[in-house]
Protein chains: 2
Amino acid sequence: MHSYTEENYLKAIYRLSNKTDKGVSTNSIAERMETKASSVTDMLKKLSEKKLINYKKYQGVTLTKKGKQVAVSIIRKHRLWEYFLVEHLNFNWDQVHPVAEELEHIKSELLIERLDEFLNYPKYDPHGDPIPDKEGNFPIPSRIKLTEMSKGQKSVILGVMENAASFLQYLDKLGLNIGTEVKVVEKHNFDNSIDLLINNKQTVHVSHEVARNIFVSN
Amino acid sequence: MHSYTEENYLKAIYRLSNKTDKGVSTNSIAERMETKASSVTDMLKKLSEKKLINYKKYQGVTLTKKGKQVAVSIIRKHRLWEYFLVEHLNFNWDQVHPVAEELEHIKSELLIERLDEFLNYPKYDPHGDPIPDKEGNFPIPSRIKLTEMSKGQKSVILGVMENAASFLQYLDKLGLNIGTEVKVVEKHNFDNSIDLLINNKQTVHVSHEVARNIFVSN
DNA sequence: ATTATTTTTTAGACTTATCTAAAAATATTT
DNA sequence: AAATATTTTTAGATAAGTCTAAAAAATAAT
Ligand SMILES: [Mn+2]
Ligand SMILES: [Mn+2]
Ligand SMILES: [Mn+2]
Ligand SMILES: [Mn+2]
């Protein structure tokens, strides 16, 4: 079928194409995959050969229908495994990503179907990202960035944009988790940092960099 | 760390070394790995370089302490995953092996520790093979081959030597599973086949080839 | 419209794991 | 002990994925 490497490229292209309406650039892929542009070009030729992407020299790439299907199925597996690790093996949300990065490549339709059933068809992963169903469909969650909240507004944390362990551990320390109720007490203009009242108890101060990686209810 | 391929070679050598007291031959490894002897030689040099095996040209190989540890840890993972698939994802015992063959290579100490805990530290996998604990220790089950039973003897099926789906499906069809009580009704000398009374109900006829792949209580 | 900069591709090399074919060592037969 | 057969190793090739360095194309700046 497809190699781990091919699958990872497709996933990267999928994620990048959600951030632009043009084709995805070779360099952006290289950056995301932590590899060199020349390696990316080699792989693009191969993926194009396999009809997984639309590729014309110097033009950037888009996923074909087939390519998108593969990408979404990898994301589905990734998120289902993350859910499993947190809900059944007592992993913390900052520990699951690297393991899911491996598990997502296990090739068994039956496995993932049964896992989904075992988990009772969860809709969101531990970071608040939607889990595609068997057909590849998933809701685009209605949510805004914490930075977009206005003073006095109340919301609930729905997810995070950044999955790095250090970031998630920092959120744990601040007491910010999925489901946490937050109210914007103050917005500081000079550095765009925010004072938050969490669960109507403590107040914490979050930097712009932190706030822009947190999704809250709309 | 070690590549999937290296891990598979170590596992193969481990299994083969349990069947001989001499060193394991290049050819036997090639046969088990379904590859060519020349490829095996290449890998032996590499594993030797990494101090995972004791290798001298033309002499056959043995695992070092380190090599044995790796092999047993892979087997531990393989069998824990098989147990998980059967007990929690409703796989049949003939479906688990190829999937476990992939899962066994996932590299996370925490994952396998937590999985073991979640499964409640099972002692045997779905084929009756013992599951090594965290330290690599496991009981050598006291069992004999079905072919070694004498006429009139009663025993319980404890495991199978062959994990091929076709074999296990055939056993299902015959009504032979782990835990099934069997009594030798007749042994036919001319082809070494056996008539078995199972669970004091039906009688089935099993060939020598089938019987020698079934383990029963001693 | 040139020139300069950035992006992308090509050319050639390296690594891992594999193969075929041939050579070397070991084991078996006569 | 010599000849024959088998096993194992070497030599050289190939495919996947990566890299560096250089060339080509596209963008941006003057
Ligand atoms: Mn993740
Ligand atoms: Mn991945
Ligand atoms: Mn197995
Ligand atoms: Mn394996």
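Here is the naming used below: chain letters follow the sequence lines, and residue numbers restart at 1 for every chain.
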Query - Contacts of type ring pair (Phe, Tyr, Trp, His ring centres under 6.0 Å), residue H188(A), not counting sequence neighbours - result: H205(A)
**Report entry** Rounded distance (Å) that lies between atom C1' of dT15(C) and atom CD of E49(B)
**Finding:** 15 Å
N/O contacts under 3.5 Å, protein versus nucleotides 22-25 of chain C?
residue, atom, partner, partner atom, Å
dA25(C), O4', Y58(B), OH, 3.3

Query raised in the report: Atom CE of M43(B) to atom C1' of dT15(C): distance rounded to whole Å?
Result: 12 Å
Query raised in the report: Is any side-chain N or O of Y55(A) closer than 4.0 Å to OP1 or OP2 of dT8(C)?
Result: no
Query raised in the report: Is any side-chain N or O of Y9(B) closer than 4.0 Å to OP1 or OP2 of dT18(C)?
Result: yes
Report summary line: From CG of L44(A) across to P of dT9(C) the rounded distance in Å is 7 Å
Report summary line: The side-chain contact (heavy atoms from CB on, under 4.5 Å) partner of N54(B) among L63(B), L47(B), T62(B) is T62(B)
Report summary line: Across all chains, not counting sequence neighbours, the ring pair (Phe, Tyr, Trp, His ring centres under 6.0 Å) partners of Y83(A) are none
Query raised in the report: Q59(B) has an atom CD; how far is it from atom C1' of dA27(C), in whole Å?
Result: 13 Å
Query raised in the report: Considering only heavy atoms, which members of residues 97-107 of chain A lie under 4.0 Å from some atom of DNA chain C?
Result: none
Report task. Write down the distance between CG (L47(A)) and P (dA16(D)), rounded to a whole number of angstrom. Result -> 13 Å
Query - side-chain hydrogen bond (donor to acceptor under 3.5 Å, both in side chains) partners of E104(A), counting only residues at least two apart - result: K11(A), H78(A)
Query raised in the report: Under 4.0 angstrom, heavy atoms only, what part of the nucleic acid is T41(A) near: base, sugar-phosphate, or nothing?
Result: base
Report summary line: In numerical order, the residues of residues 23-39 of chain B whose heavy atoms come under 4.0 Å of DNA chain D are S25(B), T26(B), N27(B), A37(B), S38(B)
Query raised in the report: Would you say K57(A) reaches dA26(D)'s phosphate, i.e. side-chain N/O to OP1/OP2 under 4.0 Å?
Result: no
**Report entry** Test: K134(A) and E113(A) ion pair at under 4.0 Å
**Finding:** yes
Query - Distance in angstrom units between K22(B) NZ and dA27(C) C1', rounded - result: 11 Å
Requested in this report: Might you point out which heavy atoms bring L80(B) and L119(B) nearest each other, and give the distance in Å?
Outcome: O-CD1, 3.4 Å
Could you pull out every donor-acceptor pair under 3.5 Å between side chains of residues 138-149 of chain B and any protein atom, sequence neighbours left out?
residue, atom, partner, partner atom, Å
R143(B), NH1, G128(B), O, 3.3
E148(B), OE2, K145(B), N, 3.1

Query - I178(A) versus L158(A), closest heavy-atom pair with distance - result: CD1-O, 3.9 Å
Query raised in the report: Which pairs with one or both residues in residues 20-34 of chain B pass side-chain hydrogen bond (donor to acceptor under 3.5 Å, both in side chains), sequence neighbours excluded?
Result: S25(B)-S28(B)
Query raised in the report: Expressed in angstrom and rounded to an integer, what is the separation of D42(A) atom CG from dT8(C) atom P?
Result: 15 Å
Query raised in the report: Is there a side-chain contact between L196(B) and V184(B), using heavy atoms and a 4.5 Å cut-off?
Result: yes
Report summary line: Sorted by chain and residue number, the ring pair (Phe, Tyr, Trp, His ring centres under 6.0 Å) partners of Y124(A) (sequence neighbours excluded) come out as none
**Report entry** Close approaches to DNA chain D from residues 13-21 of chain A, in residue order (heavy atom, under 4.0 Å)
**Finding:** none
Query raised in the report: Within a radius of less than 6.0 Å around NZ of K107(B), do more than 12 heavy atoms belonging to other residues, nucleotides or ligands occur?
Result: yes
Report task. Identify, with sequence neighbours excluded, every residue that meets ring pair (Phe, Tyr, Trp, His ring centres under 6.0 Å) alongside Y4(A). Result -> H105(A)
Report task. Please name all residues satisfying salt bridge (charged side-chain N to carboxylate O under 4.0 Å, His left out) with D94(A), sequence neighbours left out, ordered by chain then number. Result -> none
